[in-house]
Amino acid sequence: MGARFAVSSLIFPTNGDPLMVDMTSGQAHTLQDIRADYMAQTRRKRVYGAILLSLFVVMMVAGFQTADARNAGGFWEGLHRLFDFPGEVLGEALEKLAELPVHFVTYLPSLIETINIAAASTLFGALAAAIVSLLATRGLARWPRLVPVFRRIMDAMRAVPEIVIALVLIFILGGGPVPAMIAIAFHTAGALGKQFSEVNENASLKPLEGLESVGATWSQRMWLGVIPQVAPNWFSYGLLRFEINIRASAILGFVGAGGIGYELKNAMSWGKGQYDEAAAIFVLLFITIVVVDQLSSHVRDRLTHGAAASKKERQS
């Protein structure tokens, strides 16, 4: 059977109005008809967009009213007191400004514990993500038929929040940094595994073909042919995840997982009179996150731009 191709030509009749003729169907369309069809489609798209926007606004308003009703309708009544608590914390911190350095020294070990939790969980999560991502990447997988299975495993690991895993582990293992580390590492493996697999898909397969031709095993092909290509991007994503895990480990301290979050919970639970300690913890967390963000951004920039520059040098 021969393939049919739509053939059209532009002709000019005696009235001067150009026609677009479809040679396969014999139908003639003027440019005005084409313009009218285009404008009709544009109007339909605008109508559909307006309908979707209206539905979105209605759902937002209805959802807010439902949430406000379940919150005893206290949102608007308490809106004017939104900055009362931050004002109390800041005011007490300013009154006891001279004691802040002492609080910094007091809570520094808890901050170090939080950073250690984040670092250990990032390391173990990244190692697990590296293995799972290689098994879940088409063209690289050890067992190609199991690629969907490993992808669903990463989805499940990424879908469960850290705080849920931590609460379960605290019930089993008791409070402390170990449940927090396991919970964050589990979630990190799923999140980084997804990002690593996307990086793996851009890796060149030529080194793998060469290694396979000389009898290299799957692990040798991955270690020598793939990892050198994707390592800079892997490391960049790992640093970004480390920043996120510092915040996560601080939050998990509120449920008894140790670290500076646990100290912050205690300082806020005591209420007025201990707000200067809460302010000191906030300042420590802010400084730590800013420092880690700047250092990781610098390292990521060196990795990405440095790798690109060295590649250009080798090509030249």
Side-chain angles (χ1 to χ4, degrees), residues 116-162 164-165 168-169 178-245 248-249 296 299-316:
N116 288 336
I117 292 172
S121 59
T122 304
L123 177 61
F124 290 121
L127 292 175
I131 297 173
V132 178
S133 68
L134 292 173
L135 295 173
T137 304
R138 293 185 177 87
L140 304 179
R142 178 68 177 84
W143 302 286
R145 293 183 178 180
L146 296 181
V147 167
V149 176
F150 287 109
R151 293 197 173 191
R152 299 296 80 78
I153 290 174
M154 290 191 298
D155 293 340
M157 297 172 74
R158 190 169 60 253
V160 182
E162 300 99 323
V164 175
I165 304 173
V168 174
L169 292 176
V178 175
M181 185 190 69
I182 297 175
I184 297 175
F186 186 83
H187 190 272
T188 298
L192 283 181
K194 173 65 173 178
Q195 295 173 325
F196 286 0
S197 63
E198 293 177 354
V199 174
N200 297 344
E201 291 176 354
N202 297 323
S204 175
L205 299 181
K206 293 181 179 179
L208 299 180
E209 296 172 357
L211 290 169
E212 187 176 7
S213 65
V214 297
T217 62
W218 179 83
S219 58
Q220 291 173 337
R221 295 198 302 271
M222 296 301 105
W223 181 256
L224 300 175
V226 177
I227 293 180
Q229 299 183 61
V230 299
N233 287 327
W234 279 11
F235 194 70
S236 177
Y237 281 126
L239 289 174
L240 181 61
R241 194 68 201 179
F242 176 59
E243 300 174 25
I244 299 173
N245 288 345
S249 59
S296 60
V299 174
R300 289 198 306 269
D301 184 71
R302 291 291 300 272
L303 283 172
T304 55
H305 292 82
S310 60
K311 185 178 180 179
K312 289 182 179 179
E313 291 179 358
R314 289 195 300 267
Q315 291 177 351
S316 61

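Closest non-hydrogen pair, P148 versus R145, comes out as CD-O, 3.6 Å. Taking every heavy atom of both residues into account, G139 and L205 meet most closely at O-CD2, 4.3 Å. The two residues I117 and S249 make their nearest non-hydrogen contact at CG2-CB, 3.9 Å. Among all heavy-atom pairs drawn from S121 and I184, the shortest one is OG-CG2, 3.3 Å. Smallest separation of non-hydrogen atoms from L169 and A183: CD1-N, 4.1 Å. Nearest heavy atom pair, residue R241 against residue A191, reads NH1-CB, 3.6 Å.
The distance from the CZ atom of F124 to the OG1 atom of T188 is 12.0 Å, given to the nearest 0.5 Å. To the nearest 0.5 Å, atom CG of residue L135 and atom CE of residue M154 are 9.5 Å apart. How far CG of L123 is from CE of M181: 10.0 Å, rounded to the nearest 0.5 Å. We find the CZ-CZ distance between F150 and R142 to be 11.0 Å, quoted to the nearest 0.5 Å. With values rounded to the nearest 0.5 angstrom, R158 atom CZ is found 10.5 Å from L192 atom CG. Between the OG1 atom in T122 and the CG atom in L127 there is a gap of 10.5 Å [rounded to 0.5 Å].
Side-chain contact between R138 and P144: absent, with no pair of heavy atoms (C-beta onward) separated by less than 4.5 Å.
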* Asked: Are W234 and I227 close enough, and set up right, to give a side-chain contact (heavy atoms from CB on, under 4.5 Å), and what steps lead you there?
  -> CA-CA 9 Å; W234 279 11; I227 293 180; 4.3 Å; yes
* Please assess F235 against V299 for the test side-chain contact (heavy atoms from CB on, under 4.5 Å), listing each intermediate value before the final yes or no. => CA-CA 9 Å; F235 194 70; V299 174; 3.8 Å; yes
* Intermediate values then yes/no, side-chain contact (heavy atoms from CB on, under 4.5 Å), R152 and M157 -> CA-CA 9 Å; R152 299 296 80 78; M157 297 172 74; over 6 Å; no
* Evaluation steps, side-chain contact (heavy atoms from CB on, under 4.5 Å), between L240 and S296 -> CA-CA 7 Å; L240 181 61; S296 60; over 6 Å; no
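Each of V199, V230, N200 was checked for a side-chain contact (heavy atoms from CB on, under 4.5 Å) with S133, and the lone residue meeting it is N200.
Remark: the backbone N or O of P232 is not paired with any side-chain donor or acceptor of S236 at under 3.5 angstrom. Of the possible polar contacts, none joining the E162 side chain to the A248 backbone as a donor-acceptor pair under 3.5 Å is found.
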Show me the donor-acceptor pairs within less than 3.5 Å that the side chains of residues 213-222 make with the rest of the protein, sequence neighbours left out.
residue, atom, partner, partner atom, Å
S213, OG, G210, O, 2.5
T217, OG1, S219, OG, 3.2
T217, OG1, Q220, N, 3.4
T217, OG1, Q220, OE1, 3.4
W218, NE1, L140, O, 2.7
Q220, OE1, T217, N, 3.0
R221, NH1, A216, O, 3.1

